Amino acid sequence: MNRIMTGTQLEVLTALDKAKTQWYHFTAIIVAGMGFFTDAYDLFCIATVTKLLGRIYYYDPTTAKPGVLPANVSAAVNGVALCGTLAGQLFFGWLGDKLGRKKVYGITLMCMVLSSVACGLSFGHTAKSVMTTLCFFRFWLGFGIGGDYPLSATIMSEYANKRTRGAFIAAVFAMQGFGILGGAAVAIIVSAAFRGAFPEPVFNVDPIASTPSQADYVWRIIFMMGAVPAALTYYWRMKMPETARYTALVAGNAKQAAADMNSVLAVNVEAEQHKVDEIVRAESYGLFTEQFLKRHGTHLLGTTSTWFLLDVAFYSQNLFQKDIFSAVGWLPPAEDMSAIEEVYRIAKAQALIALCSTVPGYWFTVLLIDKIGRFAIQLIGFFFMTVFMFGLSIPYEKLRGSICDSGFCGGHQTVFVVLYAFTFFFSNFGPNSTTFIVPAEVFPARLRSTCHGISAASGKAGAIVGAFGFLYAAQNPTEGKQEAGYPTGLGVRTALLMLAGCNALGFLFTFFVPETKGRSLEEITGEDAGEKRSGLSNRNVISLSEL
């Protein structure tokens, strides 16, 4: 084993910062990443089955159209998981600092496993009872997902070395892209299997037969499959030791911290209880104190505001996603499809979007974040999101006007799709990744999980605004032309201009976010045994000349 000596810094923490990348780091990425795979699968798979739920439970033969979820039911089914996620981020973030990362980590995973299965078993004999139980279980599913955000980020940041910490945390978050892709793939496989076993006519030919009774199993299987990846990683999560940074800097147990790291990393470190006691005494301030406000108040403002503004734009994609799907012929009119065919086509479209823009954006961040830094990537992302969103919104009427009932009538479909794809590429190669990474680095160990949870919850508040506030705002301003169940709004073009403004604000608030590239967590937060008590005070942000 390598012997690592240090000055005033804790030897066990220096060992973590200087440790070579080894198999244990990749194990931690996989274990934490599979949680995020599950998170994304469970949050985004609802989009593939929402229209199917409407066909099954809300068909009205007097309308001569396929059934759709009423506006209030659709808002509840889609939004309740986001509300649960927000609550879980705050609660489990706080609990992770009180009880330890490892103890809480298993609780969140079991909550996700049980809730995923329960969503598929939603019971009742009426549409109201089925939707009510589904909403109930999706809230608790979101609650477990919420806990995974601060805990996965904190655990990965505290295990990683300082040279590759950004890439490791980004790799965990990048599993979200594969989760979205996995949800679409499962929906494709399940719908294709049922379509082959139970062929049905399109709605225009036979409205009743177009939604066979077996279709009720499709959405249930898709939901329940979300439990599989989470369940497979439960054992390995429980095998992971508590992070040395929590054990030493929060629990104050230098001996256990050294023993845990000696067991998983190729180093040999000694316990330094006197240094641990010194740090714990010096760093005893709480969240609601003047000292926290002075040292980290600006950082918390930066992480919460940028994550909020990013998620307003990121979760508002349903404003024009239907235009994209119709534009390139991926999604014909609902009347020209059967219920299961519609699930298949929606899932296929989502998979293509994920492959073309979402997944590449995440992995560009993984490759470049420790080279060009978090601050630069976030600025670049917000800048180009603003540019491409304005590119969609300013000529929107012209682009949208080239779409007719049977698809595109003009030649603008390529421009429309490219602008859409680049908007989401630069959200993922940009603030969607960095807003997850930075809160796991800039706050002290005793408050790291809590502050990450607060930052993430701010993001989910933005997601709720983006997914529902802008959905209402985007309705046609002319009475009678809005979607059924919705009031008149401002129109899609105005809503998109507002989203572009949110991205521009995100660019400005990024200047409250510090650069953390290449620095140890203790140097960043000032927990380095008095060696650099100034923390980030002299490096709060980087100048534009450093980009």
Side-chain angles (χ1 to χ4, degrees), residues 45-74 77-78 120 122 124-131 134 183-223 225 318 320-353 400 402-410 413 417 476 480-486:
C45 72
I46 186 66
T48 63
V49 300
T50 299
K51 290 185 179 294
L52 177 62
L53 291 172
R55 286 188 184 239
I56 294 172
Y57 295 107
Y58 289 93
Y59 171 60
D60 182 357
T62 63
T63 63
K65 292 183 178 180
V68 295
L69 293 179
N72 60 331
V73 177
S74 178
V77 169
N78 286 278
S122 296
H125 298 290
T126 65
K128 184 177 180 179
S129 61
V130 172
M131 292 300 108
L134 177 59
V186 169
I188 290 170
I189 293 168
V190 173
S191 59
F194 273 80
R195 189 177 58 172
F198 308 102
E200 70 281 350
V202 300
F203 181 87
N204 277 336
V205 173
D206 190 333
I208 302 299
S210 69
T211 307
S213 60
Q214 294 84 359
D216 195 53
Y217 293 108
V218 172
W219 68 270
R220 295 178 185 275
I221 292 172
I222 291 172
F223 279 141
M225 288 297 293
N318 58 359
F320 47 96
Q321 195 173 70
K322 61 181 182 295
D323 290 345
I324 293 290
F325 293 168
S326 299
V328 294
W330 293 344
L331 201 61
E335 294 84 356
D336 294 340
M337 295 181 286
S338 66
I340 298 177
E341 171 73 12
E342 189 171 35
V343 173
Y344 177 83
R345 286 181 174 268
I346 292 172
K348 184 178 177 182
Q350 289 196 331
L352 289 170
I353 290 292
R400 184 67 178 89
S402 64
I403 304 172
C404 62
D405 293 339
S406 59
F408 265 95
C409 303
Q413 64 267 42
V417 173
N476 197 297
K481 292 187 177 182
Q482 71 273 28
E483 295 179 37
Y486 291 92

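Please read these numbers as outputs of a predicted model, since none were measured by experiment.
Considering only residues two or more places apart in sequence or on other chains, Glu341 meets the side chain to side chain donor-acceptor pair (under 3.5 Å) condition with Arg195, Arg345. Residues satisfying the ring-ring contact (aromatic ring centres under 6.0 Å, His included) test with Phe198, not counting sequence neighbours, are Phe194. For Thr63, there are no side chain to side chain donor-acceptor pair (under 3.5 Å) partners, not counting sequence neighbours. Listed by chain and number, the residues in a side chain to side chain donor-acceptor pair (under 3.5 Å) with Thr48 amount to none (sequence neighbours excluded). With sequence neighbours excluded, the residues forming a side chain to side chain donor-acceptor pair (under 3.5 Å) with Thr126 are Ser129, listed by chain and number.
The side-chain heavy atoms of Leu53 and Trp219, taken from C-beta on, include a pair separated by under 4.5 Å. Residues Val73 and Tyr58 meet the side-chain proximity criterion, which asks for heavy atoms closer than 4.5 Å. Two residues are said to be in side-chain contact when any heavy atoms from C-beta on lie closer than 4.5 Å; Tyr217 and Val190 fail this criterion. Proximity of Lys51 to Val68: side-chain heavy atoms (C-beta onward) are nowhere separated by under 4.5 Å. The shortest distance between side-chain heavy atoms of Ile340 and Glu200 falls below 4.5 Å.
Around CE of Met225, the count of heavy atoms belonging to other residues, nucleotides or ligands within 6.0 Å does not exceed 12.
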Q: Would you check, one step at a time, whether the test side chain to side chain contact (heavy atoms under 4.5 Å, CB included) holds for Met337 with Ser210?
A: CA-CA 8 Å; Met337 295 181 286; Ser210 69; over 6 Å; no

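Separation of atoms CG (Leu69) and CD1 (Ile56) is listed at 10.0 Å; rounding is to 0.5 Å. Note that CE of Met131 and CG of Leu134 are 5.5 Å apart. Values are rounded to the nearest 0.5 Å.
Counting only distance, with no hydrogens or angles, the side chain of Thr50 and the backbone of Ile46 share a donor-acceptor pair below 3.5 Å. Not one N or O on the side chain of Arg55 forms a donor-acceptor pair closer than 3.5 Å with the backbone of Ala215.
Listed here is the closest heavy atom pair of Ser191 and Val343: CB-CG1, 3.9 Å. In terms of heavy atoms, Leu52 sits closest to Ala339 at CD1-CB, 3.7 Å. Minimum heavy-atom separation, Gly124 to Val130: O-CG2, 3.7 Å.
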Hey, can you pull the donor-acceptor pairs under 3.5 Å for the side chains in residues 201-209, sequence neighbours left out?
| unit_1 | atom_1 | unit_2 | atom_2 | d |
| --- | --- | --- | --- | --- |
| Asn204 | ND2 | Glu335 | O | 3.3 |
| Asn204 | ND2 | Asp336 | OD1 | 2.9 |
| Asp206 | OD1 | Ile208 | N | 3.3 |
| Asp206 | OD1 | Ala209 | N | 3.2 |

